[in-house]
2 protein chains.
Amino acid sequence: MKELSTKQSRILDFLRQFLEDKGYPPSIRDIVKGCKISSTSVVEYNLRILEREGYLRRDREVSRGIELSPRNRGIVRVPIIGYIAAGEPIPVPSADTWSALGIAESLELTQELTRGKEGVYALKVKGTSMVDALINDGDLVLMQHVETAENGEMVAVWLKREKEATLKKFYLEPGRIRLQPANEEMKPIYADPEDVEIQGKVIGIIRKLE
Amino acid sequence: MKELSTKQSRILDFLRQFLEDKGYPPSIRDIVKGCKISSTSVVEYNLRILEREGYLRRDREVSRGIELSPRNRGIVRVPIIGYIAAGEPIPVPSADTWSALGIAESLELTQELTRGKEGVYALKVKGTSMVDALINDGDLVLMQHVETAENGEMVAVWLKREKEATLKKFYLEPGRIRLQPANEEMKPIYADPEDVEIQGKVIGIIRKLE
DNA sequence: CCCTTCCTCGAACGTTTGTTCTAACAATAT
DNA sequence: ATATTGTTAGAACAAACGTTCGAGGAAGGG
């Protein structure tokens with residue numbers, strides 16, 4: 001997939017917005033106005049490219065015959081890139097993971113859950129080692145790829161020395177890091193900052209039952 | 001909201017299908033063909049009614065300017081009808097609750113979570129009394145309205161004698177009901193069938209963080 | 001410099017499409 | 001029977017719309 005020109009991303013953004021607002025796609029002349037383009041044929045030209053690159057599908061000769069690819073709608077497809085378990089390293093998304101599309105399982109969510117965040121992925125919980133985070137075997141953990149964390153955020157950390165993966169609330173204290181289980185009744189653990197490797201931020205939990 | 005004529009529901013179904021298939025709404029003449037209606041003005045006439053009754057919104061003079069109400073799309077709007085807490089009765093949806101639209105909070109989900117089930121609603125958890133079900137304060141419990149439960153299903157029950165609401169896995173045993181916490185390490189409780197009032201089935205948990 | 005490629009512009013054409021109007025039919029109430 | 005209301009039918013119109021074409025600008029490579 002080639003890089004998109006600024007004009008093309010603007011058109012794509014406009015399409016998304018228009019579709020969300022009005023519930024139907026814009027006409028070519030709507031795009032002309034909305035993106036401050038000077039001619040219908042310029043839009044035609046760029047739509048042709050966007051279609052070739054797979055961002056949308058068009059029905060010829062049909063007014064407003066534009067269908068956005070699913071990932072461009074209000075619905076987001078989140079890849080389930082692997083499992084998270086106590087004794088195993090936490091999978092981290094890489095360029096590879098994203099390009100290897102289709103193969104992995106995925107999850108369809110509304111923006112309501114992801115809140116439009118970039119770099120969102122999901123991990124499936126294996127085992128009951130996360131019960132202190134009120135997370136069960138089989139739960140889906142919605143993650144955002146981050147390098148650092150703010151105090152109070154729930155993060156996935158890899159404890160190097162203990163060789164252990166865990167989900168805890170993160171608090172940076174003088175000289176140490178406090179990792180607090182979500183279950184307030186349980187005691188926090190303290191770790192050397194050197195020992196803590198932040199693998200991502202937890203932005204949601206989804207548990208499907210029955 | 002009045003009853004819809006068969007023609008009107010057919011148009012609504014066609015709209016849904018068309019929108020799902022093509023990603024954009026049908027023209028009036030598409031509806032004529034798709035619903036085997038003889039004239040555009042008949043469609044116009046019925047669309048006007050559907051709009052008046054709140055099933056869709058139309059933009060005049062705009063081709064394909066039809067927007068289906070959210071509940072008619074692939075995205076489901078689930079009402080959050082109340083709170084669930086240890087000592088309080090569990091809210092149960094009634095005809096009232098459904099018709100009192102707009103007032104209550106709601107949640108937008110994909111069919112992925114609701115799996116097309118009917119009578120789905122959500123409750124917000126108040127307090128930490130459900131930690132034994134691995135459910136935290138603030139979590140959203142996705143419920144389906146049912147009268148009876150199958151063994152192994154997670155249900156919301158009201159224990160009459162104890163005056164307590166709880167979420168447990170349901171097992172009917174000879175002469176008693178076993179209510180098993182989701183956290184396998186915890187002991188089940190046993191209850192008299194007379195004492196147990198099933199208020200709904202739990203089909204999912206959603207926890208939004210940060 | 002010329003040539004190619006990518007992109008822009010404006011206009012024109014032929015359909016598609018929403019709208020409107022009149023007439024008529026059916027069901028129901030007066 | 002007459003009036004009223006709800007619904008259908010077909011035609012015609014004007015506007016909206018996708019498409020196409022020729023010309024030309026901008027950028028880069030030879």
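The figures that follow rest on heavy atoms only: side chains count, while hydrogens, waters and symmetry mates do not. So that the names make sense, note that chain A is the first sequence line, chain B the second, and so on, each numbered from 1. Just so we're clear, the structure is a prediction, and the values are computed from it rather than from any experiment.
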> How many Å lie between CD on Glu51(B) and P on dG18(C), as a whole number?
Replying inline: 13 Å
> Base, sugar-phosphate, or nothing for Ile66(B), non-hydrogen atoms under 4.0 angstrom?
Replying inline: nothing
> Which nucleotide sits closest to the side chain of Lys7(B): dT20(C), dT8(D), dT19(D)?
Replying inline: dT8(D)
>> With a 4.0 Å limit, can you tell me whether Ser63(B) has a side-chain N or O closer than that to the phosphate oxygens OP1/OP2 of dA16(D)?
In response: no
> Rounded to the nearest Å, what distance is computed from the CZ atom of residue Arg60(A) to the P atom of nucleotide dC17(D)?
Replying inline: 19 Å
>> What is the separation between atom NZ on Lys36(A) and atom C1' on dT8(C), rounded to the nearest whole Å?
In response: 18 Å
>> Side chains of Leu15(A) and Pro26(A), heavy atoms from C-beta outward: is any pair under 4.5 Å?
In response: yes
>> Could you tell me if the side chain of Glu67(A) sits less than 4.5 Å from the side chain of Leu56(A), heavy atoms only?
In response: no
> Can a side chain N or O of Arg58(B) be found less than 4.0 Å away from OP1 or OP2 on dT19(C)?
Replying inline: yes
> Taking CG from Leu47(A) and C1' from dT8(C), how many angstroms apart are they, rounded to a whole number?
Replying inline: 15 Å
> Between Asn46(B) and dG6(D), is there a side-chain N or O to OP1/OP2 distance below 4.0 Å?
Replying inline: no
>> Regarding dG18(C), can its base be found pairing with the side chain of Arg29(B) as donor and acceptor, where the two atoms are less than 3.5 Å apart?
In response: yes
> If we only count heavy atoms from C-beta on, is the Gln199(B) to Val155(B) side-chain gap below 4.5 Å?
Replying inline: no
> Within this structure, what is the CD1-to-P distance between Ile37(B) and dG18(C), rounded to whole angstrom?
Replying inline: 13 Å
> What nucleotide among dT19(C), dT20(D), dT7(D) has an atom nearest to a side-chain atom of Tyr45(B)?
Replying inline: dT7(D)
>> I need the CD-C1' distance between Gln8(B) and dT8(D), as an integer number of Å.
In response: 13 Å
> Where the side chain of Thr40(A) is concerned, which of dT20(C), dT19(D), dG18(C) is the nearest nucleotide?
Replying inline: dT19(D)
>> Is the shortest side-chain heavy-atom distance between Val120(A) and Met143(A) below 4.5 Å?
In response: no
> Does the side chain of Ser27(B) get closer than 4.0 angstrom to OP1 or OP2 of dT16(C) through an N or O atom?
Replying inline: no
> Nearest-Å distance, CD1 (Ile31(B)) to P (dT8(D))?
Replying inline: 14 Å
> Taking for each residue the nucleotide of DNA chain D with the nearest heavy atom, is it Ser39(B) or Glu61(A) whose nucleotide lies nearer the 5' end?
Replying inline: Ser39(B)
> So, do Leu179(A) and Leu159(A) sit near enough that their side-chain heavy atoms are less than 4.5 Å apart?
Replying inline: yes
> Roughly, in whole Å, what's the span from CZ in Arg48(B) to C1' in dT8(D)?
Replying inline: 15 Å
> Toward the 5' end of DNA chain C, which comes first, Ser41(B) or Arg64(B), by nearest nucleotide?
Replying inline: Arg64(B)
